[in-house]
Enquirer: 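Below: one structure in structure tokens.
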Number of protein chains: 2
Amino acid sequence: MSHKKKVTIYDLAEKINYSPSTISRALKDHKSISKKTTKLIKKAAQEMGYRPNSLAASLRNSKSNTIGIMISRINRPFISSLISGIEETARLAGYNVIISQSNDLFDNEVSNAKVLCDSQVSGLVVSLSMETTNYDHFRQFEEMGVPVVFVDRVPDQFNSYRVVIDNYRAGYDATKHLIDEGCKRIAHFAGSQKMNVYRDRKNGYLDALRDAGMEVDEKLIYEFYTLSSEEGEKATQELLSLPDPPDGLFSSNDTAAVSAILCAKKNNVKVPEELAVIGFNDDPVASIVDPSLSTITHPAIKMGEISAKRILEHDPDSLDKDVAEITILNTDVIIRDSSRKKSKQN
Amino acid sequence: MSHKKKVTIYDLAEKINYSPSTISRALKDHKSISKKTTKLIKKAAQEMGYRPNSLAASLRNSKSNTIGIMISRINRPFISSLISGIEETARLAGYNVIISQSNDLFDNEVSNAKVLCDSQVSGLVVSLSMETTNYDHFRQFEEMGVPVVFVDRVPDQFNSYRVVIDNYRAGYDATKHLIDEGCKRIAHFAGSQKMNVYRDRKNGYLDALRDAGMEVDEKLIYEFYTLSSEEGEKATQELLSLPDPPDGLFSSNDTAAVSAILCAKKNNVKVPEELAVIGFNDDPVASIVDPSLSTITHPAIKMGEISAKRILEHDPDSLDKDVAEITILNTDVIIRDSSRKKSKQN
DNA sequence: GTATTACATGCAATCGATTGTGTAAAATTT
DNA sequence: AAATTTTACACAATCGATTGCATGTAATAC
């Protein structure tokens, strides 16, 4: 009934008459221990069911081999894939991952940062909450020499690693695609303009319009907070009620884009003929909705892998605290039915 | 440039001339330290930027306040919501969560179990890999007195906590619903019959048919390995090519169900008129696909919350190692368009 | 005014692994 | 055979927080 008491290197030492230090060294194949002794010790360890206590090792080495992850919410396609990429890479390198959700609340993010810092994480991967505009709570990691990797939703200025896509470019390309398909009035669902992710996408949209000699109509631009389907539905309804409704829509995420498609259908507005739509992220729903949603790829798993690698390969002795290392990944326009006004190929 | 060295209770002790033990007690409001001293110590701790080292505390107390999670893959709707529920509950109780994916491979699951056990997790939440039929790698937790909560994909026999839905009932209800809608030949996409989750759903399906006096046609029953859209598509194609194709389909997950709907549409088979479909899980895609997919709810977040609570409330002194505590959650049939043959209400 | 109790704090061991330094014995060199 | 180097291992401190026990002082009781 009682729990098996844990076997430590001291138990082993006593049992087979070697010192704990020899045991410790033998178990990690330290060269100063003879082959014979090493084999003997390992065998005994096996037999006695010895299991290393990683907490003790972590404390002694003051490194936990753990990567902390701070995100808004796990149960979103992009985020869960991002985490998946981080975890896979971390695990293969012998690292654990600790996860904490902010639920997009700044205060949660701050307290989570504290907890993770106190947990002695070896590195931190962060995708900021919607509310975050102050980044002081990440200074503590910097001070402890713990590398911080911001991914996707990143601060404008913070000397650390950043893993992002070129949101401006993606926004430009998405909009350009609609223009190429013949759209004349293109609406935009933007996310919070406090986040550079959404700001950049919007700027790409604006510049694409300008480059095509099209006017920017502020009535066609919505700034959402969460880019939820509710927000998307409501805005679409308004757009369709305009005297001069748009014939194209670039949404900063797929959720709102899908709701726009559904709303259009409900209003007997044909997609893409009367309203061409392109989203962002390539969520699973994008290929399921009818008509299927054109969108921008968001390489979540790969971004996770790269983020993890940044931490794993981080050189603690590098003195360049004053440099930001930014990795920018490519995105692609995926053309599906929701925007295919004239092009039939592809 | 150099990292700020961490402030420990010894630094504090030296600075303000108290012993480390007093510091330690004061910081956690131990009653044997006077109010005045406590206040003074806390103030000093604040000023010197003291941060507790949770590793040290964990080692000393041999409890890490960490919940380990073992799942197949994070980036699936059910799993990510499950994790979300666990994390939220754990965090509010001051616990961290460590995640590891098995990618549905048994060997990964075994090695992950070892890692988490060595990490001294306070408890473990597990949803088994597809391949798992041997559960010996969970014994080590039992031996250490670490509570294990199996959720959703659980072992048939293992004395521990289990958090599940009534899959038999759900399978029965889903099938019964199709029968009520007038289906005469109902196909079934089953998952691996090595997993009781899918076995139970299938048994519910079989019994519903029998109770309705309908014959079971093995040609209409597919056993899938991953229940992927590829498998679903292929099987649907076969089913529709039968001389006597089914007029109803109960799929053990939404992914395959959606692929069936899309395949049917491609073949000009009307859903639900010619083929009524019901899925399982209520993934986001279920309400997006056209026609919208009827399905069975799978209370992922709630299951996560309960799983976490089982661990948080676990009494280590309880001697009932020989009892399994099973929590069974209710599911509901969500009727959408894909199965609404005659009922128009609701 | 002495005895008893309560209160506030310090001492030192502990959790388990790691590692710099020291040392005896064995191996090698000359 | 003496000198030198190498090999193989042990000692003891360390990481930082925790806690049972001891101790000294102040407060209360008789």
Enquirer: Please state how far atom CG in A:Leu27 lies from atom C1' in C:dG16, giving the value in whole angstrom units.
Expert: 13 Å
Enquirer: Rounding to a whole Å, what distance do you find between B:Asn53:CG and D:dT14:P?
Expert: 17 Å
Enquirer: To the nearest Å, how far apart are A:Glu14 CD and D:dA10 P?
Expert: 14 Å
Enquirer: Roughly, in whole Å, what's the span from CG in B:Leu55 to P in C:dA17?
Expert: 14 Å
Enquirer: Quick check for you: among D:dA17, C:dG10, C:dA17, whose closest atom lies nearest to any side-chain atom of B:Thr8?
Expert: D:dA17
Enquirer: Could you list the residues that satisfy salt bridge (charged side-chain N to carboxylate O under 4.0 Å, His left out) with A:Arg91, not counting sequence neighbours?
Expert: A:Glu87, A:Glu88
Enquirer: Using a strict 4.0 Å threshold on nitrogen-to-oxygen distance, state whether A:Asp152 and A:Arg76 make a salt bridge.
Expert: no
Enquirer: Does B:Asn17 reach a base, just sugar-phosphate, or nothing at all? Heavy atoms under 4.0 Å.
Expert: sugar-phosphate
Enquirer: Assess whether side-chain hydrogen bond (donor to acceptor under 3.5 Å, both in side chains) is satisfied between A:Ser160 and A:Glu142, documenting all intermediate values.
Expert: CA-CA 9 Å; A:Ser160 66; A:Glu142 200 178 51; over 6 Å; no
Enquirer: Looking at every strand, decide which applies to A:Tyr18 at a 4.0 Å heavy-atom threshold: base, sugar-phosphate, or nothing.
Expert: sugar-phosphate
Enquirer: Round to the nearest Å and state the distance from B:Asp29 atom CG to D:dT18 atom P.
Expert: 13 Å
Enquirer: Only counting residues at least two apart or in another chain, list the ones meeting salt bridge (charged side-chain N to carboxylate O under 4.0 Å, His left out) with A:Arg25.
Expert: none
Enquirer: Does B:Asn108 have any side chain to side chain donor-acceptor pair (under 3.5 Å) partners at least two apart in sequence or in another chain, and if so, which?
Expert: none
Enquirer: Scan nucleotides 19-28 of chain D nucleotide by nucleotide, 5' to 3', and note B when protein non-hydrogen atoms come under 4.0 Å of the base, S if they reach only the sugar-phosphate, - if neither.
Expert: BBB-------
Enquirer: Using the test salt bridge (charged side-chain N to carboxylate O under 4.0 Å, His left out), find all partners of A:Asp29 that sit at least two apart in sequence or belong to another chain.
Expert: A:Lys42
Enquirer: Indicate yes or no: at least one non-hydrogen side-chain atom of A:Asn75 is less than 4.5 angstrom from one of B:Ile301.
Expert: yes
Enquirer: Could you work out, with salt bridge (charged side-chain N to carboxylate O under 4.0 Å, His left out) as the rule, every residue matching B:Lys43, not counting sequence neighbours?
Expert: B:Glu47
Enquirer: Using the side chain to side chain contact (heavy atoms under 4.5 Å, CB included) criterion, which residues pair with A:Ala13? Sequence neighbours excluded.
Expert: A:Pro20, A:Ile23
Enquirer: Can a side chain N or O of B:Tyr10 be found less than 4.0 Å away from OP1 or OP2 on C:dA12?
Expert: no
Enquirer: Report the residues that fulfil ring-ring contact (aromatic ring centres under 6.0 Å, His included) with A:Phe141, sequence neighbours left out, ordered by chain and then residue number.
Expert: none
Enquirer: So what is the end-to-end bend of the helix from C:dG1-D:dC30 to C:dT30-D:dA1, with 5 pairs used at each end and the value given to 10 degrees?
Expert: 40°
Enquirer: Kindly write out the residues that satisfy side chain to side chain donor-acceptor pair (under 3.5 Å) with A:Asp156, not counting sequence neighbours, or none if the list is empty.
Expert: A:Asn196, A:Arg199
Enquirer: For B:Val125 and B:Ser307, work out which heavy atoms get closest and say how close.
Expert: CG1-CB, 3.9 Å
Enquirer: What contact category does B:Asp11 fall into here, base, sugar-phosphate, or nothing, at under 4.0 angstrom with non-hydrogen atoms?
Expert: nothing
Enquirer: Quick check on side-chain contact (heavy atoms from CB on, under 4.5 Å): which of B:Lys309, B:Met303, B:Arg310 does B:Ile306 satisfy it with?
Expert: B:Arg310
Enquirer: Does anything in residues 31-38 of chain B reach DNA chain C, meaning a heavy atom under 4.0 Å, and if so which residues?
Expert: B:Ser32, B:Ile33, B:Ser34, B:Thr37
Enquirer: Provide, to the nearest angstrom, the distance between the CG atom belonging to A:Asp118 and the C1' atom belonging to D:dG16.
Expert: 13 Å
Enquirer: State, to 0.1 Å, how close A:Leu128 and A:Pro155 come at their nearest heavy-atom pair, and which atoms those are.
Expert: CD1-N, 3.6 Å
Enquirer: Tabulated below should be each protein N or O lying under 3.5 Å from an N or O of nucleotides 23-25 of chain C; please produce it.
Expert:
none

Enquirer: When you get a sec, tell me which of D:dA17, D:dA10, C:dT18 is the closest nucleotide to the side chain of B:Ala57?
Expert: D:dA17
